[in-house]
Asker: 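Mind having a look at this structure? Questions to follow.
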Amino acid sequence: MIDPQLIRNDLDNVAQQLLKRGFKLDREQLIALEAARKRVQVETQALQSERNTRSKLIGKAKASGEDIAPLLAAVAELGDKLKAGEAQLAEIQSELNAILQGVPNIPHADVPEGESEDDNVELRRWGKPTSFDFEPKDHVDLGVALGGMDFETASKLTGSRFTVMSGPIARLHRALIQFMLDLHTREHGYTETYVPYMVNADSLRGTGQLPKFSEDLFKLEGEQEYYLIPTAEVPVTNIVRDVIIDADDMPRKFVCHTPCFRSEAGSYGKDTRGLIRQHQFEKVELVQIVKPQESNAALESLTSNAEQVLQQLGLPYRVVILCGGDVGFSAAKTYDLEVWLPGQQQYREISSCSNFESFQARRMQARWRNPGTNKPELVHTVNGSGLAVGRTLVALLENYQDAAGRVHIPAVLHPYMGGVTVIE
RNA sequence: GGAGAGGUGGCUGAGUGGUCGAAAGCGGCGGUCUUGAAAACCGUUGAGGGUUUGUAGCCCUCCCAGGGUUCGAAUCCCUGCCUCUCCGCCA
């Protein structure tokens with residue numbers, strides 16, 4: 001959520017900045033609602049104050065044995081007025097809140113103009129697109145031929161957009177997870193974390209998936225209103241929901257491997273082949289909870305932590321900054337890491353690293369105690385994939401294939417592969 | 001799944017209809033003392049929101065959450081959630 005004070009005091013400027021991402025703020029509606037809120041809130045609080053003072057007088061009178069009947073008569077009609085005022089205020093505030101919950105974050109000044117992913121700006125490249133002296137296969141042909149990937153059986157078990165993996169490819173998939181966790185905990189100072197894979201609606205509201213994007217989520221049947229997590233970002237970031245963190249405990253850096261579940265509603269024709277877009281995939285997620293003045297630097301370091309995975313695996317990639325039209329609802333600024341996929345002859349997203357500034361923190365009431373003011377203030381949250389495991393597997397298979405259809409395992413993964421260096 | 005107990009400020013814990021945002025202790029912060037520290041002593045110490053030029057003042061809300069009773073609720077009633085103990089079951 002953006003700061004409601006900005007809506008009150010700087011509405012035109014906020015509306016202007018949101019246009020960068022193609023979001024039109026209904027200013028007339030907000031001005032009217034805000035005026036009503038102020039009027040009703042001031043009135044209602046005055047009534048509450050009056051009730052309080054009168055009730056105290058009644059208490060005192062009763063204690064000293066006076067007749068309280070006239071005092072009671074004087075407050076008689078106060079109750080109804082007060083109830084009406086409170087109800088009206090609650091209604092206005094929930095209406096206002098519903099609107100604010102649906103307003104996206106204000107884009108950071110660095111975010112380039114643009115409407116779609118075509119307008120994202122490439123910042124740098126690492127490595128060169130892998131060249132072959134034969135026609136490279138895509139990961140589906142490789143995986144199926146190697147006997148390690150079975151999409152038909154998965155669709156029998158469940159449906160489309162799932163996979164069954166087996167043998168050395170399943171092991172490689174697991175090896176990637178171990179490698180990433182080890183790298184981020186040993187080299188980058190993150191704390192390994194294990195979390196629930198189902199969360200409640202409060203958590204999803206906290207990170208911004210609800211109320212607007214429920215169609216992207218899998219909701220569980222049953223008495224509890226639980227959802228499967230679409231990313232570890234949700235449970236991990238919500239660790240600090242309703243917490244005031246000591247300044248000494250900042251920054252907090254979490255690394256967490258989880259499966260992720262996404263309904264992929266609205267992407268029916270997209271990436272129907274292979275592992276790229278599944279309803280269930282594994283991800284190693286990096287989350288940092290930082291002081292506001294440190295979030296920009298944190299985004300840079302977190303991004304480079306994710307880049308390290310690609311570099312150590314020897315996978316060519318580029319970094320783009322998302323334009324206003326493509327940056328996600330909750331993010332102020334996002335870098336995407338895109339890995340080179342020979343099977344598609346293009347760069348594809350493998351990690352998305354974002355600074356949410358105080359947007360999620362405000363929804364979560366996640367704060368730290370600023371020693372300067374000694375007051376609780378909102379933290380900033382930063383997160384990114386380090387990396388999406390399924391897509392990393394795709395990239396490895398496609399970039400490390402040879403003419404015979406074998407896949408050579410990069411050296412950093414050898415310790416995790418139990419002696420296997422080639423999958424054939 | 002069955003039976004019981006309970007959820008109060010950073011922590012322990014008192015409070016069963018009014019003067020309670022809440023005793024007391026611990027912890028934290030500031031000070032006195034001290035060469036310095038400890039001890040002792042004194043003071044201070046929750047969060048959210050409104051109004052406002054205001055980190056001033058005034059006001060509102062919050063004692064798990066949501067409803068209700070009442071002039072007045074931490075305290076009474078209902079519902080939900082969570083925790084603990086015992087029994088059963090179980091990876």
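Throughout, protein chains are lettered first and strands after them, A, B, ... in sequence-line order, and every chain is numbered starting at 1. Reckoned from all heavy atoms, side chains included, excluding hydrogens, waters and symmetry mates.
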Asker: Taking B:rG30 as the reference, what is the distance to B:rA37 when you measure between their P atoms (whole Å, please)?
Answerer: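 These two P atoms come out 12 Å apart once rounded.
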Asker: Would you mind telling me which of A:His173, A:Glu282, A:Met180, A:Lys283 makes a side-chain contact (heavy atoms from CB on, under 4.5 Å) with A:Thr392?
Answerer: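 The option that passes is A:Met180.
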Asker: With a non-hydrogen cut-off below 4.0 angstrom, is A:Gln5 in contact with a base, only sugar-phosphate, or nothing?
Answerer: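 Since only primed, P, OP1 and OP2 atoms lie under 4.0 Å of A:Gln5, the category is sugar-phosphate.
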Asker: For B:rU44, give its Watson-Crick or G-U wobble partner with both distances under 3.5 Å, or none.
Answerer: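 Pair assignment: B:rU44 / B:rG28.
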Asker: Can you give me the closest heavy-atom contact between A:Asp3 and A:Arg362, atom names plus distance?
Answerer: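 Distance-wise, the nearest heavy atoms are N-NH1, 3.3 Å.
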Asker: Would you measure the distance from the C1' atom in B:rA23 across to the matching atom in B:rU8 and give it in whole Å?
Answerer: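 Roughly 12 Å separates the two C1' atoms.
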Asker: Counting side-chain heavy atoms from CB outward, which of B:rG48, B:rU51, B:rC60 is closest to A:Gln365?
Answerer: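 In terms of side-chain proximity for A:Gln365, the closest of B:rG48, B:rU51, B:rC60 is B:rG48.
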Asker: Please report the distance, rounded to the nearest Å, between CD in A:Gln93 and C1' in B:rU61.
Answerer: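 Distance check: A:Gln93 CD to B:rU61 C1' gives 10 Å.
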Asker: Report the base-pairing partner of B:rC20 (Watson-Crick or G-U wobble, both distances below 3.5 angstrom), or none.
Answerer: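 The base-pairing partner of B:rC20, which may sit in any strand shown, does not exist here.
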Asker: When you measure from the side chain of A:Arg252 to the backbone N and O of A:Ile289, does any donor-acceptor pair fall under 3.5 Å?
Answerer: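 The answer is no, because no donor-acceptor pair under 3.5 Å joins these two groups.
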Asker: Can you tell me if the side-chain N/O atoms of A:Ser49 get under 4.0 Å from OP1 or OP2 in B:rC59?
Answerer: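 For B:rC59, OP1/OP2 do not have a side-chain N/O of A:Ser49 under 4.0 Å.
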Asker: Nearest-Å distance, NZ (A:Lys38) to P (B:rG49)?
Answerer: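 Roughly 17 Å, once rounded to whole Å.
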Asker: Mind checking the C1' distance from B:rG46 to B:rC20? Whole angstroms is fine.
Answerer: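 Those two atoms are separated by 15 Å.
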Asker: Could you list the residues that satisfy side chain to side chain contact (heavy atoms under 4.5 Å, CB included) with A:Gln41, not counting sequence neighbours?
Answerer: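 A:Gln41 satisfies side chain to side chain contact (heavy atoms under 4.5 Å, CB included) with A:Arg37, A:Gln45, A:Leu89, A:Gln93 once adjacent residues are dropped.
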Asker: Would you mind reading off the distance between A:Asp202 atom CG and B:rC81 atom P, rounded to a whole angstrom?
Answerer: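 My rounded result for the distance is 14 Å.
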Asker: Report the base-pairing partner of B:rU55 (Watson-Crick or G-U wobble, both distances below 3.5 angstrom), or none.
Answerer: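 Pairing partner: none.
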Asker: Which nucleotide in the list B:rU61, B:rG50, B:rA47 gets nearest to the side chain of A:Gln41?
Answerer: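 From the listed options, B:rG50 comes nearest.
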Asker: Pick out the pairs of N or O atoms, protein on one side and nucleotides 69-73 of chain B on the other, that lie under 3.5 Å.
Answerer:
residue	atom	partner	partner atom	Å
B:rC71	O2'	A:Ser55	OG	3.1
B:rG72	O4'	A:Ser55	OG	3.1

Asker: Nearest whole angstrom, please: distance from the C1' of B:rG21 to the CD of A:Gln48.
Answerer: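 In whole Å, B:rG21 C1' lies 16 Å from A:Gln48 CD.
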Asker: So, taking the atom named CG in A:Asn120 and the one named CG in A:Leu322, what distance separates them when rounded to the nearest 0.5 Å?
Answerer: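 With rounding to 0.5 Å, CG (A:Asn120) is 4.5 Å from CG (A:Leu322).
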Asker: Is B:rU70 paired to anything, Watson-Crick or G-U wobble with both distances less than 3.5 Å, and if yes, which nucleotide?
Answerer: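 No nucleotide pairs with B:rU70.
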Asker: For the C1' atoms, the ones on B:rU19 and on B:rA73, what distance do you get once it is rounded to whole angstrom?
Answerer: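 Here B:rU19 and B:rA73 have their C1' atoms 15 Å from each other.
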Asker: Between B:rA65 atom P and A:Asn200 atom CG, what is the distance in whole Å?
Answerer: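 After rounding, the gap between these two atoms is 16 Å.
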Asker: Take atom CG of A:Asp3 and atom C1' of B:rG48, then tell me their distance rounded to the nearest Å.
Answerer: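 To the nearest whole Å, that distance equals 14 Å.
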Asker: Could you tell me if the side chain of A:Leu397 sits less than 4.5 Å from the side chain of A:Met149, heavy atoms only?
Answerer: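 Of all side-chain heavy-atom pairs linking A:Leu397 with A:Met149, at least one is under 4.5 Å.
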Asker: Distance between the C1' atoms of B:rG36 and B:rU52, in whole angstroms?
Answerer: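 Straight-line distance between the two C1' atoms is 48 Å.
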Asker: Could you check whether A:Arg367 gets within reach of a base, just the sugar-phosphate, or nothing at all, counting any heavy atom under 4.0 Å?
Answerer: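 Sugar-phosphate, backbone atoms only, no base.
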Asker: Between B:rA74 and B:rC64, how far apart are the two C1' atoms, rounded to whole Å?
Answerer: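 Per the computed distance, 12 Å lies between those C1' atoms.
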Asker: Report the distance from atom CG of A:Leu47 to atom P of B:rC60, rounded to the nearest whole Å.
Answerer: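 Taking atom P of B:rC60 as the reference, CG of A:Leu47 is at 12 Å.
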Asker: Taking for each residue the nucleotide of RNA chain B bearing the nearest heavy atom, is the 5' side occupied by A:Glu50 or by A:Tyr226?
Answerer: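 Result: A:Glu50.
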Asker: Please determine, for B:rG36, whether a Watson-Crick or G-U wobble partner exists with both distances under 3.5 Å, and give it or none.
Answerer: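 Across any shown strand, B:rG36 pairs with none.
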Asker: To the nearest Å, how far apart are A:Ile245 CD1 and B:rG10 P?
Answerer: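 Checked: the CD1 to P distance equals 15 Å.
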Asker: Short question: side chain of A:Asp119, backbone of A:Ser116 - any donor-acceptor pair under 3.5 Å?
Answerer: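 The answer is yes, because a donor-acceptor pair under 3.5 Å joins these two groups.
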Asker: Could you identify the nucleotide paired to B:rA91, looking across every strand shown and requiring Watson-Crick or G-U wobble geometry with both distances under 3.5 Å?
Answerer: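 When the pairing criteria are applied, nothing turns out to pair with B:rA91, so the answer is none.
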Asker: What is the base-pairing partner of B:rU83, counting Watson-Crick and G-U wobble geometry with both distances under 3.5 Å?
Answerer: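 Result: B:rA5.
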Asker: Of all residues at least two apart in sequence or in a different chain, which pass the salt bridge (Lys or Arg N to Asp or Glu O under 4.0 Å) check with A:Asp150?
Answerer: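 Counting only residues at least two positions away or on another chain, A:Asp150 forms no salt bridge (Lys or Arg N to Asp or Glu O under 4.0 Å).
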Asker: Toward the 5' end of RNA chain B, which comes first, A:Lys60 or A:Thr44, by nearest nucleotide?
Answerer: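 So the residue in question is A:Lys60.
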Asker: Write down the distance separating the P atoms in B:rC29 and B:rU83, rounded off to the nearest Å.
Answerer: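 One P to the other, the span is 33 Å.
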Asker: Expressed in whole Å, how much space separates the P atoms belonging to B:rG72 and B:rG54?
Answerer: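 To the nearest whole Å, 34 Å.
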Asker: Kindly indicate whether the side chain of A:Trp368, heavy atoms from C-beta on, has any atom under 4.5 Å from the side chain of A:Asp249.
Answerer: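 A side-chain contact is absent here, since even the closest heavy-atom pair is not under 4.5 Å.
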